[in-house]
Amino acid sequence: MKRFTAQMKKSTDDIRLKASERRELREQLVSYMEYHPLPKDMRTPARRTTRADRTAVAAAGETDAFTHVRVPWLALKGVAGFAAVVLIVGVPYFAEQAVPGDALYPFKVQVNEEVRGSLAFSDYDEIEWETERLGRRIDEARLLANEGRLTPEIEAEVARAVRDHSGAAQDAIRSLRLQDTEGATIAEIQLASTLDVQSAILRSHNVATTTTGRSTDAIAVAVAEAQQAAQNNKSTTTIPYERLSSRVEQETTRAEELFKSISEYAAQPQVDEIERRFDDIERKFARAVDVHEERPELATTLLREILADVQKMVVFMTDIDVQENVSIDTLIPEELTDDERRIIITEQVAEIKAVRTAVADELTNLDAETQEKAQAAFIMINSLLEQVREAESAGDLLQAEQRAREARAFADDLAQMADTDLSEETDPASDDTTASSTDETASTSPQQTDDDGSAGDGSGATSSPATTTPATATSSAPATSTDTTGTTSTTTSS
Amino acid sequence: MSGRQRTDENQGGHEEQFLAAFEEYSDALFRHAYLRVSDREQAIDLVHDTFTKAWSFIRNGHEIDAYRPFLYKILNNKIVDTYRRRKESSLDAMMEGEGVDESAFAELSEDTTERIAATIDGRQAVKLLETLPDEFREVLVLRFIDGLGPKEISALTEETENVVSVRIHRGLKRLRDTINAESTKREHNRTKK
């Protein structure tokens with residue numbers, strides 16, 4: 001058997017990691033170790049970092065308040081369950097009642113989290129890495145697809161890998177749920193967010209899907225299945241505010257550190273975009289902190305959104321490919337600041353008023369029926385503008401924006417209607433109207449700004465009336481009305 | 001080799017020792033994984049997951065006396081999990097199921113295994129590993145590539161030593177049969193001309 005053994009060994013001698021693979025693997029491990037540092041009493045002093053500016057827990061075991069509390073980890077080890085914490089002298093008891101800002105608050109979240117964490121460590125870590133693994137497989141497939149080298153066989157393998165990894169993640173979540181329902185729910189959010197990002201990427205990529213070597217359909221299907229399974233398995237546990245907010249702090253810090261490291265070589269516009277998202281998140285978080293007492297559900301919803309967004313950002317930042325293929329705006333739409341909102345609202349209102357004025361001026365030139373409709377529209381618009389004004393002064397900008405949008409829709413309808421009516425009267429003149437489809441309510445159509453806000457001068461002239469089709473729900477401005485007697489107006493959407 | 005690590009003097013030790021274990025064992029673990037799953041990427045993933053899991057254990061106070069068996073155990077479990085998961089979703093499960101339980105076999109002497117191994121070309125055996133179901137691959141790679149003894153394999157796979165020996169023997173037998181079948185085919189093709 002010696003010869004046999006020797007032969008086998010010899011022919012497998014060259015099966016080893018390439019230098020580059022080894023290096024990469026080592027780097028990943030080191031960064032894993034940094035994300036999951038040793039508990040305080042095991043750690044070497046040099047590795048500790050402080051976070052003086054954070055009131056709640058940042059990364060595990062790194063708050064100032066915590067450094068003053070001796071946590072007897074050795075005693076905790078081997079003692080199962082939450083009860084272990086209570087056994088220790090008094091502090092946990094008082095900590096339990098702590099709220100953010102108290103000295104003991106970090107202890108509460110830290111110890112309790114850590115204890116729960118240590119009970120479920122394998123599940124939690126596993127979820128994270130199955131999720132990451134899933135992402136990597138898809139990334140590789142995309143790279144190949146870009147070069148036209150993604151054969152159906154490889155595609156099938158990747159699809160299978162997606163199923164395997166998401167299945168494993170789901171298993172781990174289910175298992176985690178038995179010990180830590182809240183942790184499991186948080187993990188669900190992160191898994192779902194990652195799948196969302198991947199799905200968005202695949203959607204953006206699937207251009208020429210019938211070309212061999214480029215189609216990623218099978219993988220997209222697998223991802224969709226995984227999303228569905230995640231949805232089906234979703235638990236409805238409500239997570240207490242403190243737990244969620246501390247988790248958000250942790251994840252945000254990680255994301256910020258990641259950002260720092262990539263901002264050196266990433267393109268400036270992307271850096272700006274990401275910074276913008278971080279600002280948005282800060283604002284959202286501040287809002288959540290503000291409202292969490294009177295409106296706990298809203299706070300929870302906001303925090304959950306933040307968690308999902310941060311996860312997407314992390315995926316976005318760690319994956320250059322993602323950055324090249326998908327704009328961050330697709331993944332995480334911009335959240336407008338209050339100032340931005342105000343500006344938008346003001347612009348909208350100005351336009352609406354302009355339309356109103358223009359139509360009012362032409363009122364006498366409209367036929368009776370249209371006049372009636374116009375009057376009704378005026379009433380609606382005026383009422384809505386009033387509501388906008390009220391909402392704005394009350395500080396409810398969301399409401400104001402909403403009403404403004406509705407008013408805008410009416411104004412557009414009005415303009416369209418008046419337009420049609422007037423061009424009917426001016427008979428054979430074929431109006432060339434260019435309607436620009438806007439994808440944000442903020443942008444204004446070129447015609448309107450050109451004409452200084454006034455709607456098309458309908459008195460017989462063939463100037464282009466302003467028919468805009470903003471992407472609002474109630475907008476019913478279709479392209480032309482070809483049923484106008486005698487005239488055909490052509491609308492070209494740019 | 002590595003003694004107790006949780007003493008105070010060794011405070012700086014955990015990370016260094018962990019990374020040292022990586023340097024020392026990553027190749028061997030990779031080789032093992034690759035021979036089991038026949039896929040380079042997957043093998044790398046498995047090695048990665050093995051080490052991250054090991055780190056989790058360390059973080060939670062687990063004391064590691066010897067890295068090698070510890071890492072192998074984690075790796076092996078992960079590989080078995082991979083196959084188990086695949087089995088649940090594929091028709092291959094039907095083909096792979098042997099149905100013959102090794103524990104039903106009588107005690108096997110080391111001689112028998114020796115004898116059959118002597119008749120097999122190691123190089124060809126490696127190439128044909130892929131054709132074997134994982135339970136055979138497991139014991140063959142551990143025994144002949146990783147150089148683990150029957151006791152160690154038994155501890156790792158949580159099977160009795162006898163089951164392990166029988167499985168090794170059956171695995172070798174299969175390899176030999178496959179090799180013979182291939183050479184017969186080649187002979188046949190050659191003589192056909």
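Everything numeric here is computed off the predicted structure, so don't read it as measured data. All chains are named by letter (A, B, ...) in the order of the sequence lines, taking the proteins before the strands, and each is independently numbered beginning at 1.
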Heavy-atom distances under 4.5 Å only: say whether [X] touches chain A with side chain, backbone, both or neither.
X        : result
B:Phe22  : both
B:Gln124 : neither
B:Leu29  : neither

In Å and rounded to the nearest 0.5 Å, what is the [atom1] to [atom2] distance from [X] to [Y]?
X       : Y        : atom1 : atom2 : answer
A:Ser11 : B:Ile145 : OG    : CD1   : 6.5 Å
B:Leu35 : A:Ile15  : CG    : CD1   : 4.0 Å
B:Asp81 : A:Asp171 : CG    : CG    : 9.5 Å
A:Phe4  : B:Thr119 : CZ    : OG1   : 8.5 Å
B:Phe51 : A:Met33  : CZ    : CE    : 11.0 Å
A:Lys18 : B:Ile44  : NZ    : CD1   : 7.5 Å

Original post:
Who wins among B:Ala43, B:Ala28, B:Ser26, B:Ala125 for the most heavy-atom pairs under 4.5 Å with chain A?
Top reply: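 Answer, by heavy-atom pair count under 4.5 Å with chain A: B:Ser26.
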
Original post:
Are side-chain heavy atoms of B:Arg40 and A:Glu21 found at a separation under 4.5 Å?
Top reply: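 Yes, side chains in contact.
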
Subject >> Atom of A:Met8, atom of B:Leu129 and distance for their closest heavy-atom approach >> reply: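 For A:Met8 versus B:Leu129, the nearest heavy atoms are CE-CD1, 4.4 Å.
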
**OP:** Quick one: closest heavy-atom pair of B:Ile120 and A:Arg3, and the distance?
**Re:**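 Scanning both residues, the minimum pair turns out to be O-NH2, 3.4 Å.
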
Side-chain donor or acceptor of [X] paired with backbone N/O of [Y] under 3.5 Å:
X       : Y       : value
B:Asp27 : A:Leu17 : yes
B:Trp55 : A:Leu29 : no
B:Arg59 : A:Pro37 : yes

Below 4.5 Å from any heavy atom of chain B, which atoms of [X] appear? Answer side chain, backbone, both or neither.
X        : answer
A:Ala6   : neither
A:Arg16  : both
A:Glu157 : side chain
A:Arg22  : both

Original post:
Yes or no on side chain to side chain contact (heavy atoms under 4.5 Å, CB included) for B:Leu19 and A:Val30, after CA distance, side-chain angles and deciding distance?
Top reply: CA-CA 8 Å; B:Leu19 291 172; A:Val30 169; 4.1 Å; yes

Subject >> Among the listed options A:His36, A:Arg163, A:Lys10, the residue most often paired with chain B at heavy-atom distances under 4.5 Å >> reply: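 Heavy-atom pair counts peak at A:His36.
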
Original post:
If you count the non-hydrogen atoms of other residues, nucleotides and ligands that lie under 6.0 Å from NZ in A:Lys9, is the total more than 12?
Top reply: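 Buried by this count: over 12 neighbours within 6.0 Å.
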
